[in-house]
Amino acid sequence: MSAIDLPEGSSSKLARVGRLIATTVVRLPYRVRVHHAERIPRTGPLVLVANHSSLVDGPLLYGMLPRNAAFLIKTELFRGALGWFLRRIGQIPVRRGEPDRTPLLAAVRVLRAGGLVGVFPEGTRGDGDMSNAQHGAAWLARTSGAQVLPVACRGTRRPEGRGRRLLPRVDVLFGEPVALPAAKGRAGLTAATDQVRAELVGLIAELDRLISDAPEDDARGMRA
């Protein structure tokens with residue numbers, strides 16, 4: 001059975017399997033605390049934007065969502081059995097650093113069908129502090145008329161120079177959905193991108209305050 005809110009060729013049945021794997025197997029090595037999941041709209045076009053510091057960020061977020069989601073994922077992961085599975089659960093391959101509109105147009109179709117698309121605006125993994133943002137997420141939201149849902153994540157990245165952590169705590173904070181400015185042209189896109197980054201920077205700071213207020217024995221391993 002195909003899913004109308006995912007790319008063509010996706011399977012709604014396999015998408016449910018994918019979320020089950022994400023909520024069980026992927027979360028198993030972590031102590032995950034989710035803040036304000038009630039802010040996630042259950043219906044309607046939505047571009048989820050999140051900071052990115054570890055490969056596990058995407059699978060963890062995918063499992064937290066109460067609806068189908070198509071994430072933009074680097075094409076290197078779309079090989080063999082894993083690549084087949086990612087496509088079948090509705091994920092979209094992206095060639096980083098190359099001018100390719102194909103994945104963006106596929107994402108627009110998902111959004112215009114009322115779906116959810118997940119994007120890491122930094123474009124690659126970093127320290128998770130949103131030092132920069134690319135235009136893709138803002139372009140998708142403006143082109144489709146979708147709202148933007150900012151999400152901050154801390155704790156998935158292992159600190160430099162440290163060994164493996166035992167059940168590190170991961171905190172995820174969902175922000176309020178926002179609409180981007182409607183101004184057209186390159187200047188409008190730049191302003192929308194700046195707003196996406198500002199929303200995420202503010203949310204990351206809010207999450208860091210929540211973490212700093214946690215008891216010391218609960219905070220070990222949290223900071224991304």
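The heavy-atom pair separating Val56 from Pro59 by the smallest distance is O-CD, 3.2 Å. When all heavy atoms of Leu46 and Leu111 are compared, the pair lying nearest together is O-CD2, 3.3 Å. Between Arg197 and Ala133, the shortest heavy-atom distance links the atoms CB-CB, 4.0 Å. Between Pro150 and Glu176, the shortest heavy-atom contact is CD-O, 3.4 Å. Contact detail for Pro7 and Ala70: the closest heavy-atom pair is CD-CB, 4.1 Å. Here the closest heavy-atom approach between residue Leu6 and residue Ala15 is recorded as CD1-CB, 4.0 Å.
Checking side-chain atoms of Gln91 against main-chain N and O of Ala69 turns up a donor-acceptor pair under 3.5 Å. Counting only distance, with no hydrogens or angles, the side chain of Asp57 and the backbone of Ser54 share a donor-acceptor pair below 3.5 Å. Under a 3.5 Å cut-off, the side chain of Arg31 and the backbone N or O of Val170 do not form any donor-acceptor pair. Looking only at distances, no side-chain donor or acceptor of Arg19 sits under 3.5 Å from a matching main-chain atom of Pro66. Formation of a donor-acceptor pair under 3.5 Å by the Glu122 side chain with backbone atoms of His52 is found in this model.
Atoms CG and CG, from Leu48 and Leu116 in turn, are 6.0 Å apart once rounded to the nearest 0.5 Å. To the nearest 0.5 Å, the span separating CG on Asn68 from OH on Tyr62 amounts to 6.5 Å.
When hydrophobic clusters are built by joining Ile, Leu, Val, Met, Phe, Trp and Tyr residues whose side-chain heavy atoms come closer than 4.5 Å, directly or via intermediates, Leu20 is not grouped with Phe71. Leu167 is not connected to Leu28 by any chain of hydrophobic side-chain contacts under 4.5 Å among Ile, Leu, Val, Met, Phe, Trp and Tyr, and they are in different clusters.
For Thr193, the side chain to side chain donor-acceptor pair (under 3.5 Å) partners are His135, not counting sequence neighbours. Looking at residues two or more places apart in sequence or on another chain, you find no side chain to side chain donor-acceptor pair (under 3.5 Å) involving Glu206.
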Check against side chain to side chain contact (heavy atoms under 4.5 Å, CB included), Leu60 and Val172
CA-CA 9 Å; Leu60 279 177; Val172 177; 6.0 Å; no

Determine whether Leu55 and Leu77 satisfy the following criterion, side chain to side chain contact (heavy atoms under 4.5 Å, CB included), listing intermediate values before the conclusion.
CA-CA 11 Å; Leu55 187 62; Leu77 292 178; 4.2 Å; yes

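The number of heavy atoms from other shown groups lying within 6.0 Å of CZ (Arg42) is above 12. The local environment of CD in Glu8 is sparse, with at most 12 non-hydrogen atoms from other residues, nucleotides or ligands closer than 6.0 Å.
Looking at heavy atoms from C-beta onward, Val119 lies out of side-chain contact with Trp139 at the 4.5 angstrom threshold. You'll find the side chain of Val32 reaches within 4.5 Å of the side chain of Val34, heavy atoms only.
Looking at Arg154 and Asn51, their side chains never bring a donor and an acceptor atom within 3.5 Å of each other.
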